[in-house]
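Numbers here are sequence positions counted from 1.
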Amino acid sequence: MTQTTAERISLLLHRLYDADTAQSTLNRVMTLLDNARLPAFEDGERFSERDVFLITYGDTLQRESEPPLRTLHHFLNQWVKGAISTIHILPFYPYSSDDGFSVIDYYAVNPDLGTWEDVAALGQDFRLMFDAVINHMSARSEWFQRFLADEPDYRELFAVASPDQDLSLVTRPRTSPLLTPFQKANGETIHVWTTFSDDQVDLNYQNPDTLLRILDVLLFYVRQGAQVIRLDAIAYAWKEIGTNCIHLAQTHALIQLLRAALDHVAPQVILITETNVPHAENVSYFGNGYDEAQMVYNFTLPPLLFHTMLAGNANQLSAWANTLITPSEQTTFFNFTASHDGIGVRPVEGILSQGELNR
């Protein structure tokens, strides 16, 4: 029997929260979806092997007395229209560090780049891919400042822990401290979870209010023309003391919930997960092929392609490519050759030897 959206979301909420919290959150989620008022997109094929994405910062191209997003649009229309179908503008929101990945305001365009009108104009000629940087946001954001002020609606919005707790199992993508001390308005010192840097404070999804806020952000992005939403660093989203805090079942449930919500109000929108990890872990974000991300970054391809050029031998690349499968026709790999993060080697662990990795 086919599940309704409410049944699907209810099941996922019960995986995240206690029964009473799950039920009250379900009512709030369904109200949010019922009031979404999203634009209609044309029916038809979403993507095919013929589609080419351009990944770019909003200010890569600049011209005097013109917003960079407008300059980018003019350039793309003149030189690549018809060859490139989708533009992924790396985070174009106000930010405080990390080249845009420490977002101050999810709902604004960085005024140094342009306006929402400039983004919409790009969307008239190209499909758009937006970043949802929702594992963390800027320590300079209004949300975090109101959290430090202990305002009731923001009190549990960010993840905190005690430095006395055993956090030795937590997977670390950075060498910076996992916890960063901040002083609240009342003088109390708290230690906030900072997976990536002391300016990037992690959101707390154990608080359902956080989930509601972020779902509202995603719906806003759809209203602004996003047809692909990239879930940045999503593997670290759920924190659970005593675990490695990566790829947790709750994280998968969270993504599945976002997918269920978008399937209900914006089925044309595609979620793509950014999880720069070994291949088997990466493809777990396809879920069962129908309930999680429609696309995952094919992180193994860039380093393996580079190895092929270094070695002058395509045998390993060909053998690996012949093993690639997706769990359904609704899913596919996002093949790319490099990104703003460069080319990492972890995704070829277990595929290349240690000697090849060292080389």
Listed partners of Thr56 passing side-chain hydrogen bond (donor to acceptor under 3.5 Å, both in side chains), at least two apart: Thr60
How would you list, by chain and number, every residue that makes a salt bridge (charged side-chain N to carboxylate O under 4.0 Å, His left out) with Glu151, sequence neighbours excluded? Arg146
Cluster membership besides Val170, Ile/Leu/Val/Met/Phe/Trp/Tyr side chains within less than 4.5 angstrom, sorted by chain and number, is Leu167, Leu178, Leu179, Trp193, Ile241
Reported CG-to-CG distance for the pair Leu54 and Leu72, which is rounded to 0.5 angstrom: 7.0 Å
Mind checking what makes salt bridge (charged side-chain N to carboxylate O under 4.0 Å, His left out) contact with Asp150, not counting sequence neighbours? Arg155, Lys184
Could you work out the complete set of other residues in the hydrophobic cluster of Phe196, with links drawn between I, L, V, M, F, W and Y side chains under 4.5 Å apart? Tyr236, Ile246, Val277
Please check if the distance between the ring centroids of Phe53 and Phe334 is under 6.0 Å. yes
Going by chain and number, the hydrophobic cluster around Leu310 (ILVMFWY, side chain to side chain under 4.5 Å) further includes Phe306, Met309
salt_bridge(Arg8, Asp263) N-O dist < 4.0 Å: yes
Can you run down the salt bridge (charged side-chain N to carboxylate O under 4.0 Å, His left out) pairs that involve residues 73-99, sequence neighbours left out, and say none if there aren't any? Lys81-Asp125
Give every residue pair that meets the salt bridge (charged side-chain N to carboxylate O under 4.0 Å, His left out) criterion with at least one member in residues 292-302, sequence neighbours excluded. none
Assess the residue pair Asp291 and Arg259 against the criterion (salt bridge (Lys or Arg N to Asp or Glu O under 4.0 Å)); give the C-alpha distance rounded to whole Å, side-chain angles, the decisive distance to 0.1 Å, and a yes or no. CA-CA 7 Å; Asp291 64 348; Arg259 166 74 184 272; over 6 Å; no
Please check if the side chain of Asn244 supplies one atom and the backbone of Leu169 the other of a donor-acceptor pair under 3.5 Å. no
For His247, ring pair (Phe, Tyr, Trp, His ring centres under 6.0 Å) partners two or more places apart: Tyr285
Could you tell me whether Arg213 and Asp209 make a salt bridge, using a distance below 4.0 angstrom between a side-chain N and a carboxylate O? no
So, do Tyr107 and Trp116 have ring centers that fall under 6.0 Å from each other? no
Nearest-0.5 Å distance that lies between atom CG in Leu211 and atom CZ in Arg28: 9.0 Å
Considering only distance and modelled atom types, tabulate donor-acceptor pairs under 3.5 Å from the side chains of residues 88-97, sequence neighbours left out.
unit_1, atom_1, unit_2, atom_2, d
His88, NE2, Asp131, OD2, 2.7
Tyr93, OH, Asp131, O, 2.7
Ser96, OG, Ser102, OG, 3.3
Ser96, OG, Ser138, OG, 2.6
Ser96, OG, Asp199, OD1, 3.4
Ser96, OG, Asp199, OD2, 2.6
Ser97, OG, Asp199, OD2, 2.5

Whether the side chain of Asn35 engages the backbone of Thr31 through a donor-acceptor N/O pair (distance < 3.5 Å, no angle test) should be reported. yes
In plain terms, say whether Arg63 and Glu66 are close enough for a salt bridge, that is, a side-chain N and a carboxylate O under 4.0 Å apart. yes
Between Asp18 and Thr21, a side-chain donor and acceptor under 3.5 Å: yes
Determine, stepwise, if the pair Arg346 / Glu349 fulfils salt bridge (Lys or Arg N to Asp or Glu O under 4.0 Å). CA-CA 5 Å; Arg346 280 210 68 210; Glu349 290 176 2; 3.4 Å; yes
Ring pair (Phe, Tyr, Trp, His ring centres under 6.0 Å) partners for Phe147, two or more places apart: Phe144, Phe158
Taking distance alone, no hydrogens or angles, what donor-acceptor pairs closer than 3.5 Å link side-chain atoms of residues 296-303 to residues at least two apart or in another chain?
unit_1, atom_1, unit_2, atom_2, d
Tyr297, OH, Arg230, NE, 3.0
Asn298, ND2, Asn335, OD1, 2.8
Thr300, OG1, Pro347, O, 3.0

